[in-house]
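We name chains A, B, ... by the order of the sequence lines, and we start the count at 1 in each one.
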There are 2 protein chains.
Amino acid sequence: MIITIDLNNNKPTYLQIVDCVRRAVATGALKTGDQLPTIREAAVQARVNRNTISRAYLELEHLGMIRSRQGAGSFVTDAGPDLEHEERVKALQTLVDELALETVHYQIPVDDVIAMLRESAAKLGKESDHD
Amino acid sequence: MIITIDLNNNKPTYLQIVDCVRRAVATGALKTGDQLPTIREAAVQARVNRNTISRAYLELEHLGMIRSRQGAGSFVTDAGPDLEHEERVKALQTLVDELALETVHYQIPVDDVIAMLRESAAKLGKESDHD
DNA sequence: TCTATTGTAATAGGTATATTAGTACAATTA
DNA sequence: TAATTGTACTAATATACCTATTACAATAGA
């Protein structure tokens, strides 16, 4: 079960789905060429409407992460995101600033947050062993 | 001018205002006891409706950052946020995970992001000298 | 006390987004 | 051919955000 929805999360359902797939690809749970659950399947499993899954998959296709083919299904693409490095860093800056603000505001040592970040990144990058 | 709104930012206006004040407090641009712009003033300066400022100030009051008194104005409070350490860390985890996902996804070295984070946090924490 | 200032409250309207529901169609697969 | 799968479309509903407007209550200052 790749897609899980957290109703408590204020983030839109379709973006949660997008993140789930991105995570799965990052960790290696999904590899290039792998088929995603069909839209109808995923909708049932995640207990959301087909349209919501459809929108998420569309978003993923725009990100260049997957490729959907009518009648066939949706599959993980080898092509990574095609943003320039410059663009990527700029996109990160917003998130970084936000995190920094929270860190300072709540007076949590920056090193603690860095440790959390390292761990979280490691979790994503390493688990490509199991299948 | 403490409050600035970025129309391009998809973040709600009132939350942007909240962040502005939090940043100002973090950097020392606003100190305990300082008066914030009045709701009407701030609304004119930021070119938004009074209600939007009002909502932001209310949010800040809930955060324990400011205290508003009818007829008097809104002032920075000395009491910091009253969340438990446990709670704070949990609140951070979501942001950290999100950042980690972007980092891995875009294949940006974690150390780069950490450098960005350090710089961003330093900017917030240090500028209490001027003024 | 009188008056201006300030925060607060309440209502209404407009816009945008998110989600569901339902139906139909088109391309692929077997 | 027939089932599967993605796609497209409309409609309805709910929610969040922002504006506009009006009125009121507490405070500060002359």
(request) Provide the full list of salt bridge (Lys or Arg N to Asp or Glu O under 4.0 Å) pairs with a residue in residues 63-77 of chain A, sequence neighbours left out, each pair given once. (result) A/Glu61-A/Arg67
Indicate every side-chain donor-acceptor pair of residues 35-42 of chain A with a distance under 3.5 Å to a residue at least two apart or in another chain.
residue : atom : partner : partner atom : Å
A/Gln35 : NE2  : A/Ala72 : O            : 3.4
A/Thr38 : OG1  : A/Glu41 : N            : 3.0

(request) Could you tell me which residues satisfy side-chain contact (heavy atoms from CB on, under 4.5 Å) with B/Asn10, sequence neighbours excluded, listed by chain and number? (result) none
(message) In whole Å, I'd like the distance from the CZ atom of B/Arg67 to the C1' atom of C/dT8.
(response) 12 Å
(message) Roughly what angle, to 10°, lies between the helix axis at the start of the helix from C/dT1-D/dA30 to C/dA30-D/dT1 and the one at its end, five pairs per end?
(response) 30°
(message) Could you tell me how far apart B/Gln35 (CD) and C/dT6 (P) are, to the nearest whole angstrom?
(response) 8 Å
(message) Just N and O in the side chain of B/Ser68: are any of them under 4.0 Å from OP1 or OP2 of C/dT6?
(response) no
(request) Report, as a single string ordered 5' to 3', how protein heavy atoms within less than 4.0 Å touch nucleotides 17-30 of chain C: B base, S sugar-phosphate only, - not at all. (result) -SSBBBBB-BBBS-
(request) With sequence neighbours left out, write down each residue that passes side chain to side chain donor-acceptor pair (under 3.5 Å) with B/Ser68, or none if nothing qualifies. (result) B/Ser74
(request) Round to the nearest Å and state the distance from B/Leu36 atom CG to C/dT5 atom C1'. (result) 16 Å
(message) Applying salt bridge (Lys or Arg N to Asp or Glu O under 4.0 Å) as the test, list every pair that has at least one member in residues 96-121 of chain A; sequence neighbours left out.
(response) A/Glu98-B/Lys11, A/Glu102-B/Arg22, A/Asp111-B/Arg118, A/Arg118-B/Asp111
(message) Reading DNA chain D in the 5' to 3' direction, which nucleotide is the first one with an atom under 4.0 Å from a heavy atom of chain A, and which is the last?
(response) D/dT4 to D/dC9
(request) Kindly write out the residues that satisfy side chain to side chain donor-acceptor pair (under 3.5 Å) with B/Asn51, not counting sequence neighbours, or none if the list is empty. (result) B/Asn49
(message) Going by the rule side-chain contact (heavy atoms from CB on, under 4.5 Å), which residues pair with B/Gln70 if we only count those two or more places apart in sequence or in a different chain?
(response) none
(message) Quick check on the hydrophobic clustering: are A/Val76 and A/Val21 connected, directly or via other members, by side-chain heavy-atom contacts under 4.5 Å?
(response) yes
(request) Output all residues satisfying side-chain contact (heavy atoms from CB on, under 4.5 Å) with A/Val89, sequence neighbours left out; order by chain, then residue number. (result) A/His85, B/Ile108, B/Met116
(request) Please name all residues satisfying side chain to side chain donor-acceptor pair (under 3.5 Å) with B/Thr103, sequence neighbours left out, ordered by chain then number. (result) none
